[in-house]
Colleague: 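Would you mind keeping the following structure in view while I ask a few things?
Please read all numbers here as calculations on a predicted model, not as lab measurements. Below, read A as the first sequence line, B as the second, and so on, with proteins coming before strands; counting in each chain starts at 1. Basis for what follows: all heavy atoms, side chains included, without hydrogens, waters or symmetry-related copies.
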2 protein chains.
Amino acid sequence: MVQYSFYFMIDNKYDIILDAASQVFAREGFHKAKISKIAEIAGIGAGTIYLYFKNKEAILEEIFLRSWSRIEMKLLEMKKIKNMTPLQKIAEITAEIIELIYANVSVAKILVYEYSFWNSNKKEKLSKTVENSQKLIEELISDGIKANIFRKDINSKDATMYIIGGVWFWIASKSDDLLSYSKDELTDTLFNYIIYGLK
Amino acid sequence: MVQYSFYFMIDNKYDIILDAASQVFAREGFHKAKISKIAEIAGIGAGTIYLYFKNKEAILEEIFLRSWSRIEMKLLEMKKIKNMTPLQKIAEITAEIIELIYANVSVAKILVYEYSFWNSNKKEKLSKTVENSQKLIEELISDGIKANIFRKDINSKDATMYIIGGVWFWIASKSDDLLSYSKDELTDTLFNYIIYGLK
DNA sequence: ATGAATACTGAACCATAATTCATTAACGTG
DNA sequence: CACGTTAATGAATTATGGTTCAGTATTCAT
């Protein structure tokens with residue numbers, strides 16, 4: 001039992017598959033991505049994937065869940081902190097998003113292109129995480145409005161979607177040469193768009 | 001010959017198919033949408049669709065092309081006008097986008113959810129229209145920066161993607177109750193997000 | 001070293017749904 | 001009203017690729 005667990009940790013086919021799938025999904029898109037190609041890149045047989053994941057969708061689901069969980073965690077962390085302005089908190093969250101993208105550009109691409117996935121796919125866990133994150137961002141914006149930091153004619157729900165959309169597409173436009181910028185540079189640029197728009 | 005043309009105009013199966021497809025694509029997403037369902041809604045046989053379109057993808061392509069062509073046209077119109085500030089022009093374009101959405105919410109949804117389609121699908125005509133539109137928006141932002149209307153630390157390409165992304169997701173968040181707002185209301189809100197961000 | 005347990009494999013299976021095409025219907029013309 | 005032409009049909013075909021599973025390899029405890 002212990003040995004099995006240990007073996008699993010070293011080998012970690014689960015993560016190898018996730019990584020291979022991320023590459024293929026990012027390149028081909030979910031629907032055109034072939035399990036056989038994922039298996040090839042992972043260096044395993046196609047059937048093996050089904051020992052680790054229920055089906056193709058479950059792989060994408062896990063990729064989404066991991067990313068969104070990280071964002072959700074950061075949002076919760078910020079919520080707890082009291083001596084920080086909403087503006088500072090948004091700066092922190094922006095940095096976390098850039099960190100996430102920087103760590104894995106393929107995943108960032110997937111989050112953009114397969115956006116409709118989590119939107120239409122009502123899987124409990126994923127759906128809860130995403131919706132919870134959105135609610136937390138909404139709260140943050142609400143706080144900012146109350147504190148007179150943001151325009152008070154803003155609808156926090158609209159703004160949330162606008163921010164998410166802006167971030168996604170901004171990522172999409174860069175995707176390939178994203179890594180040629182420094183993290184600080186990217187964080188700064190993104191933060192400014194969110195807060196100041198074009199003016 | 002004349003009769004054929006006239007008959008075609010009345011009957012206009014081409015547009016009927018496009019309309020039916022828009023509904024199904026918006027509801028199910030492109031990949032899950034069935035040709036048989038589109039045919040059913042259009043009130044025709046499945047095979048008939050193939051008399052008007054090469055394949056399923058060509059239908060989606062045409063839906064994209066029509067929408068983007070309209071935006072491109074508006075952008076070109078604005079480019080020609082000299083006595084108008086970039087801000088006013090952006091207001092006009094925002095209004096056009098809202099108009100487009102208002103006319104057909106299904107199409108708006110498709111533009112959001114199937115974003116990856118035109119992005120990955122390198123069909124000459126569509127690709128050219130989209131890229132041209134993006135270039136025109138970039139020019140407009142560039143003008144705004146030169147005229148000291150926009151922040152001068154803005155990268156016009158980034159900003160373009162940020163705007164497009166913001167618009168798309170903002171639409172996505174509303175999609176279902178979009179029609180419960182007035183056009184002017186929507187235009188105003190969207191314009192303000194683009195220009196002023198949150199502050 | 002051996003056998004039981006576990007992990008892996010990839011060819012075969014199967015479900016789905018896009019597309020085709022032989023057939024039928026509708027139309028326009030003389 | 002026939003008859004040629006064009007349009008429409010939907011059942012049958014076909015392509016695709018996700019998923020299964022019978023067989024094989026590997027690991028591990030004794």
Colleague: Whole-Å distance between dT16(D) C1' and His31(B) NE2?
Modeller: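 Result: 14 Å.
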
Colleague: Please report the distance, rounded to the nearest Å, between CD in Glu40(B) and C1' in dA8(D).
Modeller: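 In whole Å, dA8(D) C1' and Glu40(B) CD are 17 Å from each other.
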
Colleague: How many whole angstroms separate atom CD1 of Ile35(A) from atom P of dG10(C)?
Modeller: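 So the two atoms are 15 Å apart, to the nearest Å.
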
Colleague: Could you state the interatomic distance from CG (Leu190(B)) to CD1 (Ile101(B)), rounded to the nearest 0.5 Å?
Modeller: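 If I round to the nearest 0.5 Å, the distance is 7.0 Å.
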
Colleague: So what does Ala33(A) touch, heavy atoms closer than 4.0 Å: a base, only the sugar-phosphate, or nothing?
Modeller: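 Ala33(A): backbone/sugar contact only, no base atoms under 4.0 Å.
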
Colleague: Quick one: pull up OG1 in Thr94(B) and CD1 in Ile194(B) and give me the separation to the nearest 0.5 Å.
Modeller: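 Between Thr94(B) OG1 and Ile194(B) CD1, I get 4.0 Å after rounding to 0.5 Å.
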
Colleague: Tell me which nucleotide among dC8(C), dT19(C), dG10(C) gets nearest to the side chain of Ala46(A).
Modeller: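 Nucleotide nearest to Ala46(A)'s side chain: dG10(C).
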
Colleague: If you check the Lys34(A) side chain, which of dA17(C), dG18(D), dA7(D) turns out closest?
Modeller: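 For the Lys34(A) side chain, the nearest candidate turns out to be dG18(D).
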
Colleague: Distance check needed: dT20(C) P versus Ile49(B) CD1, whole Å only.
Modeller: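 Distance check: Ile49(B) CD1 to dT20(C) P gives 13 Å.
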
Colleague: Closest approach to the side chain of Lys56(A), judged atom by atom: which nucleotide of dT19(D), dA18(C), dT9(C) is it?
Modeller: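 When the side chain of Lys56(A) is considered, dT19(D) is the closest of dT19(D), dA18(C), dT9(C).
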
Colleague: Has Lys13(B) got a side-chain N or O lying under 4.0 Å from the OP1 or OP2 atom of dA8(D)?
Modeller: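 The answer is yes; a side-chain N or O of Lys13(B) sits under 4.0 Å from OP1 or OP2.
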
Colleague: Which of these nucleotides, dC8(C), dA7(D), dA18(C), is closest to any side-chain atom of Tyr52(B)?
Modeller: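 It is dA7(D).
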
Colleague: Whole-Å distance between dT19(C) P and Ile38(B) CD1?
Modeller: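 The distance from CD1 of Ile38(B) to P of dT19(C) comes to 10 Å, rounded to the nearest Å.
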
Colleague: What integer distance in Å separates Asn12(B):CG from dA7(D):P?
Modeller: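 Taking CG of Asn12(B) and P of dA7(D), I get 14 Å after rounding.
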
Colleague: Could you check how far CD1 of Ile17(A) sits from C1' of dC8(C), rounded to whole Å?
Modeller: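 Atom CD1 in Ile17(A) sits about 11 Å away from atom C1' in dC8(C).
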
Colleague: If I take atom CZ from residue Arg27(A) and atom NZ from residue Lys37(A), how far apart are they, to the nearest 0.5 angstrom?
Modeller: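 So the gap between those two atoms works out to 6.0 Å.
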
Colleague: Checking contacts here: which listed nucleotide (dC8(C), dG18(D), dT19(C)) is nearest the side-chain heavy atoms of Leu51(A)?
Modeller: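 Ranking dC8(C), dG18(D), dT19(C) by closest atom to the Leu51(A) side chain puts dC8(C) first.
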
Colleague: Starting at atom OH of Tyr14(B), determine the distance to atom C1' of dA7(D), rounded to an integer number of angstrom.
Modeller: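 Distance check: Tyr14(B) OH to dA7(D) C1' gives 17 Å.
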
Colleague: Using only side-chain N and O atoms of Tyr50(A), determine if any of them is under 4.0 Å from OP1 or OP2 of dT9(C).
Modeller: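 Tyr50(A) to dT9(C) OP1/OP2: no side-chain N or O under 4.0 Å.
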
Colleague: Counting the atoms with a prime plus P, OP1 and OP2 as sugar-phosphate, which does Ile44(A) contact under 4.0 Å by heavy atoms, base, sugar-phosphate, or nothing?
Modeller: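 Answer is sugar-phosphate: Ile44(A) comes under 4.0 Å of backbone atoms only.
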
Colleague: Working to the nearest 0.5 Å, report the span between CD1 of Ile49(B) and NZ of Lys13(B).
Modeller: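 Going from CD1 on Ile49(B) over to NZ on Lys13(B), the span is 11.5 Å.
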
Colleague: Report the C-alpha distance between Leu136(B) and Ile71(B) in whole Å, list the side-chain angles of each, state the deciding distance to 0.1 Å, and finish with yes or no for side-chain contact (heavy atoms from CB on, under 4.5 Å).
Modeller: CA-CA 10 Å; Leu136(B) 288 165; Ile71(B) 291 172; over 6 Å; no

